[in-house]
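Below you'll find the structure, written out as structure tokens, and then a few comments.
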Amino acid sequence: ILELAGGAHGVHAQVHAFNIVGSLVSKKALSARVDGYLDAVLVRILEAYTHPDWSVRNAASIAFNLVVKRRVATASFTEFFARFPALYRHLLAHIGALVRDHGATDTQQASLFAVLTLLARLQPSAYIATAAPSDQQPHAAAEPLDPEAFVAPLRECARQRTFRIREAAAYALVPIVHPSRAAALC
């Protein structure tokens with residue numbers, strides 16, 4: 001299914017693959033088996049947001065919505081990315097590239113909005129909620145799987161022209177930034 005979602009067999013096959021992915025993700029009985037592929041599924045979905053065909057982007061949006069509702073909303077930042085470390089690196093690179101391009105096209109903005117939505121739906125980690133405020137600057141180098149790595153690109157998103165991107169970036173910062181550091185980031 002992931003091969004089909006990659007577009008190797010045409011637009012119709014890709015749309016059907018995303019519909020199947022959405023159906024599989026929504027089944028509770030399959031959750032343990034689907035979780036092993038969730039990082040690859042999300043990468044394919046984010047790639048599909050920039051597809052020239054609307055039907056592919058639409059099917060990817062529907063699959064993304066199901067993935068986020070069923071698998072992301074109950075996980076903390078630390079739990080989610082500990083299960084999917086490759087996704088952490090991919091999302092960080094993806095959001096960084098989109099911010100460098102300033103979300104120039106509508107499809108790039110849709111992809112950026114999807115990443116921001118995913119980050120915003122995560123729950124604050126116990127580490128973040130109980131940790132002492134960091135003395136690091138917002139642009140300091142971050143350790144692997146450190147939420148701090150997302151702060152700089154999210155701050156750039158908060159400077160975008162599009163209001164919804166700025167708003168989504170603000171919501172995405174909530175599970176990432178310790179409350180005592182929030183005022184320093186404004």
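As a basis for the values below, the full set of heavy atoms in this structure was taken, side chains included, without hydrogen atoms, waters or symmetry mates.
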Does the side chain of [X] reach to within under 4.5 Å of the side chain of [Y], using non-hydrogen atoms?
{"X": "Val41", "Y": "Val34", "result": "no"}
{"X": "Phe77", "Y": "Gln123", "result": "no"}
{"X": "Cys157", "Y": "Ile95", "result": "yes"}
{"X": "Leu154", "Y": "Val177", "result": "no"}
{"X": "Leu119", "Y": "Leu122", "result": "yes"}
{"X": "Thr117", "Y": "Tyr171", "result": "no"}
{"X": "Val11", "Y": "Ser55", "result": "yes"}
{"X": "Leu92", "Y": "Arg89", "result": "no"}

Under 3.5 Å, side chain of [X] to main-chain N/O of [Y], donor-acceptor pair present?
{"X": "Thr162", "Y": "Ile165", "answer": "no"}
{"X": "Arg121", "Y": "Lys69", "answer": "no"}
{"X": "Tyr49", "Y": "Gln109", "answer": "no"}

Grab the two heavy atoms, one from [X] and one from [Y], that are nearest each other, plus how far apart they are.
{"X": "Gly22", "Y": "Leu66", "answer": "O-CD1, 3.4 Å"}
{"X": "Pro175", "Y": "Ala172", "answer": "CD-O, 3.3 Å"}
{"X": "Ala158", "Y": "Ala169", "answer": "N-CB, 3.8 Å"}
{"X": "Val151", "Y": "Leu173", "answer": "CA-CD2, 4.4 Å"}
{"X": "Ala149", "Y": "Pro153", "answer": "O-CD, 3.4 Å"}

Give, for atom [atom1] of [X] and atom [atom2] of [Y], the distance between the pair rounded to the nearest 0.5 Å.
{"X": "His94", "Y": "Leu42", "atom1": "NE2", "atom2": "CG", "answer": "11.0 Å"}
{"X": "Ser23", "Y": "Ile62", "atom1": "OG", "atom2": "CD1", "answer": "12.5 Å"}
{"X": "Glu156", "Y": "Leu98", "atom1": "CD", "atom2": "CG", "answer": "13.0 Å"}
{"X": "Glu47", "Y": "His90", "atom1": "CD", "atom2": "NE2", "answer": "6.0 Å"}

side-chain contact (heavy atoms from CB on, under 4.5 Å) between Leu118 and Val67, worked out: CA-CA 9 Å; Leu118 187 147; Val67 168; 6.0 Å; no
Using the benzene-type ring in the case of Trp, are the ring centres of Tyr88 and Phe150 under 6.0 Å apart?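 Yes.
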Give the C-alpha distance, both sets of side-chain angles, the deciding distance and a yes or no for side-chain contact (heavy atoms from CB on, under 4.5 Å) between Asp53 and Arg57. CA-CA 7 Å; Asp53 192 280; Arg57 293 192 310 268; 5.8 Å; no
Verify the neighbour count for atom CZ of Arg166: are there more than 12 heavy atoms of other residues, nucleotides or ligands below 6.0 Å?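 Buried by this count: over 12 neighbours within 6.0 Å.
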Would you please test Leu87 and Phe80 for side-chain contact (heavy atoms from CB on, under 4.5 Å) and show each step? CA-CA 9 Å; Leu87 187 59; Phe80 184 76; 3.6 Å; yes
Walk me through whether Leu24 and Tyr37 qualify under side-chain contact (heavy atoms from CB on, under 4.5 Å). CA-CA 11 Å; Leu24 291 173; Tyr37 300 98; over 6 Å; no
